[in-house]
Visitor: 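Got a structure here, written out as structure tokens. Questions coming.
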Amino acid sequence: MKKAPHGLHTVHGWVLEAERIAVLSGAGMSAESGVPTFRDAQDGYWAQFNPQDMASERGFRAAPQRVWDWYAHRRAGVAQVQPNAGHVALARFARAHPGRLTVITQNVDGLHQRAGSSGVLCLHGDLLADRWLEAPRACCRLEDAEPGSPPRCGSCGNLVRPGVVWFGENLPVDVFEAARQAAQGADLMLVVGTAGAVYPAAGLARLARQAGARVVVVNPVASELDDVAHGVLRGTAAQLLPQLLEPGAGRPDQETP
Ligand code: OAD
């Protein structure tokens with residue numbers, strides 16, 4: 001579908017008008033911090049690995065050490081990077097306009113929070129959190145887990161797994177419900193750095209549109225949510241979000257095609 005030529009200036013106007021803004025972010029949000037995405041053809045994780053091997057309970061049970069070590073590598077990676085100008089612009093806007101902006105993220109890297117965003121709705125969990133593979137018994141205490149790859153309960157052998165949502169698993173119910181409400185209550189949804197290929201997260205953009213929000217995609221290339229959007233800004237999160245959200249931004253001379 002051909003998009004109306006809404007540029008940065010127009011979308012900046014929509015930001016100013018909106019009483020409630022929801023941001024749906026994905027891996028591209030953190031790309032300029034140096035965190036790899038999943039589906040980028042050259043350097044996305046899923047160009048290297050099969051998601052069913054590395055991001056499913058079955059994959060973990062089949063090769064716990066391989067999967068644990070991959071998450072340990074990703075944990076070490078995010079510990080070395082910093083939030084980028086896009087994360088910072090969102091956090092600053094929310095601080096300057098309390099109650100107006102909700103960040104809903106598919107990211108597990110914690111960079112929104114490290115930039116100062118509060119109340120971030122983490123649909124896919126937290127890369128840095130641990131939890132038990134099996135329902136924990138009285139003997140299972142994360143702080144006492146025997147170190148290993150993965151760590152395990154010294155009494156019953158229950159394995160520790162990363163606190164992220166894997167394929168085939170449900171999103172945390174309360175977080176998803178809050179995200180649904182934020183999407184439905186928004187006047188404007190910014191869809192930043194997601195391919196829009198994973199549901200139910202991507203469905204939040206469709207829900208926002210159905211509920212009457214303007215939807216804007218921020219992505220350097222085409223995404224599966226472009227057809228939902230009233231405006232598509234072709235550029236990166238760290239370039240465009242400061243221009244959209246910071247005071248004095250979006251002047252006509254900054255118009256993008
Ligand atoms: P993807 O890797 O599928 O998509 C990343 C998107 O970011 C692509 O559309 C890129 O074009 C875009 N992009 C790249 N660099 C960008 C930049 N600097 N600024 C803005 N956009 C940029 O990542 P997600 O859509 O987040 O789930 O993937 C969704 C889920 O699939 C992830 O949460 C993960 C994955 O499997 C689980 O692990 C459960």
Side-chain angles (χ1 to χ4, degrees), residues 24-31 33-81 104-113 120-137 139-177 179 193-204 223-225:
L24 175 64
S25 71
M29 180 79 228
S30 299
S33 293
V35 182
T37 63
F38 295 95
R39 291 178 185 75
D40 281 309
Q42 301 300 316
D43 47 10
Y45 283 128
W46 300 154
Q48 239 183 308
F49 300 108
N50 179 343
Q52 290 303 328
D53 290 343
M54 294 304 199
S56 77
E57 186 180 322
R58 210 171 60 165
F60 182 71
R61 287 183 187 278
Q65 177 165 4
R66 180 180 61 176
V67 175
W68 180 264
D69 287 350
W70 186 59
Y71 283 90
H73 169 76
R74 288 177 57 195
R75 287 175 173 186
V78 303
Q80 283 169 14
V81 302
I104 306 166
T105 190
Q106 298 165 87
N107 298 345
V108 294
D109 56 30
L111 290 177
H112 281 298
Q113 297 90 323
V120 178
L121 299 171
C122 296
L123 297 174
H124 292 166
D126 176 357
L127 180 64
L128 301 180
D130 286 333
R131 62 186 180 88
W132 294 106
L133 179 61
E134 312 292 351
R137 303 181 193 175
C139 54
C140 300
R141 283 189 301 271
L142 286 171
E143 60 280 14
D144 296 337
E146 269 181 15
S149 184
R152 59 178 64 229
C153 173
S155 300
C156 72
N158 198 356
L159 297 181
V160 175
R161 54 159 284 182
V164 301
V165 176
W166 280 331
F167 288 104
E169 295 180 332
N170 292 327
L171 274 51
V173 174
D174 49 343
V175 176
F176 188 69
E177 178 54 24
T194 179
V198 173
Y199 283 76
L204 292 167
S223 83
E224 294 185 25
L225 290 171

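Atom set for the values below is all heavy atoms of this structure, side chains included, hydrogens, waters and symmetry mates excluded.
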Visitor: Just jot down the ring-ring contact (aromatic ring centres under 6.0 Å, His included) partners of Phe49, sequence neighbours excluded, or say none.
Guide: Trp70
Visitor: My understanding is that only residues two or more places apart in sequence, or in another chain, count here; which of them pass side-chain hydrogen bond (donor to acceptor under 3.5 Å, both in side chains) with Ser25?
Guide: Thr105, His112
Visitor: Quick check for you: to the nearest 0.5 Å, what is the distance between Ser30 atom OG and Leu111 atom CG?
Guide: 4.5 Å
Visitor: Is there a side-chain contact between Phe60 and Pro150, using heavy atoms and a 4.5 Å cut-off?
Guide: yes
Visitor: What are the two closest non-hydrogen atoms of Ala195 and Ser223, and how far apart are they?
Guide: O-CB, 3.8 Å
Visitor: Any side-chain heavy atom of Cys153 within less than 4.5 Å of one from Arg137?
Guide: no
Visitor: With rounding to the nearest 0.5 Å, note down the distance linking CE in Met54 to CH2 in Trp68.
Guide: 14.0 Å
Visitor: Is there a donor-acceptor pair under 3.5 Å between the side chain of Asn107 and the backbone N or O of Gly26?
Guide: yes
Visitor: State, to 0.1 Å, how close Tyr199 and Leu225 come at their nearest heavy-atom pair, and which atoms those are.
Guide: OH-CD2, 4.4 Å
Visitor: Just verifying a value: how many Å separate Leu128 CG and Gln113 CD, rounded to the nearest 0.5 Å?
Guide: 9.5 Å
Visitor: Sequence neighbours excluded, which residues qualify as salt bridge (Lys or Arg N to Asp or Glu O under 4.0 Å) partners of Asp144?
Guide: Arg141
Visitor: What verdict does the side-chain contact (heavy atoms from CB on, under 4.5 Å) test give for Leu121 and Phe176, after you've listed the backbone C-alpha separation in whole Å, the side-chain angles of each residue and the deciding distance to 0.1 Å?
Guide: CA-CA 8 Å; Leu121 299 171; Phe176 188 69; over 6 Å; no
Visitor: Output the distance between atom CG (Leu159) and atom CG (Asp130), rounded to the nearest 0.5 Å.
Guide: 12.0 Å
Visitor: Could you pull out the closest heavy-atom pair between Ala201 and Leu123, with the gap in Å?
Guide: CB-CD1, 3.7 Å
Visitor: When you compare the side chain of Pro162 with that of Arg75, does any pair of heavy atoms fall below 4.5 Å?
Guide: yes
Visitor: Enumerate donor-acceptor pairs with a distance under 3.5 Å from any side-chain N or O in residues 166-173 to protein atoms, sequence neighbours excluded.
Guide:
residue	atom	partner	partner atom	Å
Trp166	NE1	Tyr71	OH	2.8
Glu169	OE1	Arg161	NH2	3.2
Glu169	OE1	Trp166	N	2.7
Glu169	OE2	Arg161	NH1	2.8

Visitor: Do other residues, nucleotides or ligands put more than 12 heavy atoms under 6.0 Å from Arg58 CZ?
Guide: no
Visitor: For residues 39-56, pull every pair meeting side chain to side chain donor-acceptor pair (under 3.5 Å), keeping only residues two or more places apart or in separate chains.
Guide: Thr37-Asp40
Visitor: Is the number of heavy atoms from other residues, nucleotides or ligands within 6.0 Å of CZ (Arg131) greater than 12?
Guide: yes
Visitor: So, using salt bridge (Lys or Arg N to Asp or Glu O under 4.0 Å) as the criterion, who are the partners of Arg61 when residues are at least two apart?
Guide: Glu57, Glu134
